[in-house]
Each structure stands twice: as C-alpha cells, then as structure tokens.
Amino acid sequence: EAGVAQSPRYKIIEKRQSVAFWCNPISGHATLYWYQQILGQGPKLLIQFQNNGVVDDSQLPKDRFSAERLKGVDSTLKIQPAKLEDSAVYLCASSLLLQNEQYFGPGTRLTVT
Amino acid sequence: QQQVKQSPQSLIVQKGGISIINCAYENTAFDYFPWYQQFPGKGPALLIAIRPDVSEKKEGRFTISFNKSAKQFSLHIMDSQPGDSATYFCAASKISNTGKLIFGQGTTLQVKP
C-alpha cells in the first residue's frame, strides 16, 4: 500500500512570495490533515478535512494560508504572501474515517528568506 | 488545557539500555495517546498508542505506561539499539472529537553503540 505522497520536498522562496504544497493521501482515507512543524517543535494542526469538507481550521492563519481538497482526494495548501516565520516543514497526514491512526507523508521543507 | 508537555528534550542511552520518555497532559477529556517516531527528513511514524482503559501496552521492545490519575504517560524502549536513534513525540486527542492530535515538543534520542 502506497503511503502519503507530498510534493515538492523542498522549497525556498523570498518573503512576500506565494507557494503551494500538494498532498495525495493513502487510498481510501477520508480524513486529511495539514500540520506545520517548526524546527525543534512538535507538529501543529493547521487544517483537517473530512472528504471535501473542513472539520477544523481553527489554527490556520486565514489571512495568508488557504487549503482545498477537491473531490475528496488530493489537497493543496497555499501560503500567500509568505513571511519569515512560515519557515517550517509542512506535513500532510491521512486516516480512515473515524479512525485515530494518522499516517504522515515525508513533508515539504519550506525556507522563507 | 490543550498542552502536552514532554521530557526530557534530549536523551543519550547506551546500546542495550532502557530509554524512558515522559509526557503529561492537562485535558482530562483526552482519551487517545499515541507515540510517534521521526527520523531526519521523514514524517512521523506511528509507533504505539494507548487508550486510558488500560495502564500498560507493550509491542515488542516498546511499552507505554499510563497513569490516569496523574495525567501522565511514558514510553519505555527496552534493549535500545542505535537504529532507535530518532526524535520521539507523544500526542493526545479526544476520540469523540475531530481526531486532532496535540503533540508534545519532542525528545531526541541518541543510542550510543
């Protein structure tokens, strides 16, 4: 069974530029999560989807971050405009509906200069 | 009340020794407590998890001990091996909720040969 796929793996941008990350969850997983992991810290949930709908986006900085999950499968997370403090690893995870076990992708390391 | 506090921040153990990592939580509504293992450049991988209806769960060399009254849980790695060198995160969530995981700050484990 293929794991969670993410791309790109690395991205370097200047502040005020925009960037987008892509995630393909494990096949059949209805729930998809985006986490932000700042160096030296644990992951922090940004947004959670259940199929197409948003379940929790309470910690998403909505003035600059947006996410969508079209057709309940792939998802994209966008940052526009980026700030220096957005430098982090962005992790995508997925799980079966109503199951607790979350499976993480390798992440995208974003550096904002 | 949403915090999960993890200690120590870093740990060095000799090969064959026991590694112990501790976590404490505040929200008594939490009822799912997983441990994740993360290698550099990889996403977190689920290692073992426990629900509060049991005080201990063992899988191979990994054991979770859970103390509901103290609101603490710990990970024990028996016969630690150099391949166990990684960052370990505890987490907590409410099963009946959205499944949002609250992560600890992480413990970097180094097992010396």
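Every chain is numbered from 1, with letters handed out A, B, ... down the list of sequences.
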Point to revise | Criterion side-chain hydrogen bond (donor to acceptor under 3.5 Å, both in side chains) on Trp22(A) and Ser75(A), from CA distance to verdict | key: CA-CA 6 Å; Trp22(A) 173 83; Ser75(A) 177; over 6 Å; no
Review point. What part of Ile102(B) is in contact with chain A, defined as an atom under 4.5 angstrom from a non-hydrogen atom: side chain, backbone, both or neither?
Key: neither
Review point. Does the distance from a Lys or Arg side-chain N to an Asp or Glu carboxylate O, for Glu14(A) and Arg16(A), drop under 4.0 Å?
Key: no
Check your understanding: Using a distance-only test with no angle check, is there a side-chain donor-acceptor pair under 3.5 angstrom linking Ser65(B) and Asn67(B)?
Key -> no
Exercise for review: Tell me the residues of residues 38-55 of chain B whose non-hydrogen atoms fall below 4.5 Å from those of chain A, in number order.
Suggested key: Gln38(B), Gly41(B), Lys42(B), Gly43(B), Pro44(B), Leu46(B), Arg51(B)
Review point. Is it the side chain or the backbone of Gln37(A) that comes within 4.5 Å of chain B heavy atoms, both, or neither?
Key: side chain
Check your understanding: Would you say Leu101(B) and Phe49(A) are hydrophobically clustered, going by side-chain heavy atoms of ILVMFWY under 4.5 Å?
Key -> no
Exercise for review: Check the hydrophobic clustering (I, L, V, M, F, W, Y; side-chain heavy atoms under 4.5 Å; chains of links allowed) and say if Ile13(A) and Ile79(A) are grouped together.
Suggested key: yes
Check your understanding: Side chain, backbone, both or neither: which part of Glu101(A) has a non-hydrogen atom closer than 4.5 Å to chain B?
Key -> both
**Study point:** Per-residue contacts, residues 104-113 of chain B versus chain A, heavy atoms under 4.5 Å
**Key:** Gly104(B), Gln105(B)
Exercise for review: Taking only Lys NZ, Arg NE, NH1 and NH2, and the carboxylate oxygens of Asp or Glu, determine whether Asp86(A) and Lys15(A) approach each other closer than 4.0 Å.
Suggested key: no
Revision key, fill the gap. Ser7(B) and Ile21(B) have their tightest heavy-atom pair at O-CG2, 3.6 Å
**Study point:** Nearest heavy atoms of Ala24(B) and Gln72(B), plus distance in Å
**Key:** CB-CG, 4.1 Å
Check your understanding: Tyr35(A) and Gln102(A): side-chain hydrogen bond (donor to acceptor under 3.5 Å, both in side chains), yes or no, with the steps?
Key -> CA-CA 12 Å; Tyr35(A) 288 85; Gln102(A) 295 183 26; 2.7 Å; yes
Practice item. Return the minimal non-hydrogen interatomic distance between Ile26(A) and Ala2(A), and the atom names on each side. Key: CG1-O, 3.6 Å
Point to revise | Residue pair His29(A) / Thr31(A), side-chain donor-acceptor N/O under 3.5 Å | key: no
Review point. Strictly under 6.0 Å, is that where the ring centroids of Trp35(B) and Phe73(B) end up?
Key: yes
Check your understanding: Is Tyr90(A) reachable from Tyr10(A) through a run of I, L, V, M, F, W or Y residues, each pair having side-chain heavy atoms under 4.5 Å apart?
Key -> no
Check your understanding: When you measure from the side chain of Arg69(A) to the backbone N and O of Asp74(A), does any donor-acceptor pair fall under 3.5 Å?
Key -> no
Exercise for review: Determine, stepwise, if the pair Ser19(B) / Tyr88(B) fulfils side-chain hydrogen bond (donor to acceptor under 3.5 Å, both in side chains).
Suggested key: CA-CA 11 Å; Ser19(B) 304; Tyr88(B) 292 81; over 6 Å; no
Exercise for review: For residues Phe89(B) and Tyr36(B), establish whether the separation of their ring centroids is below 6.0 Å.
Suggested key: no
Point to revise | For the student: nearest non-hydrogen atoms of Gln81(B) and Lys15(B), plus distance | key: OE1-CE, 3.4 Å
Check your understanding: Same cluster for Leu46(A) and Val89(A) if Ile/Leu/Val/Met/Phe/Trp/Tyr side chains link at under 4.5 Å?
Key -> no
Check your understanding: Going by residue number, which parts of residues 105-113 of chain A are within reach of chain B, meaning a heavy-atom gap below 4.5 Å?
Key -> Gly105(A), Pro106(A)
Practice item. Identify the residues of residues 58-65 of chain A whose heavy atoms come closer than 4.5 Å to a heavy atom of chain B, ordered by number, or report 'none'. Key: Ser58(A), Gln59(A)
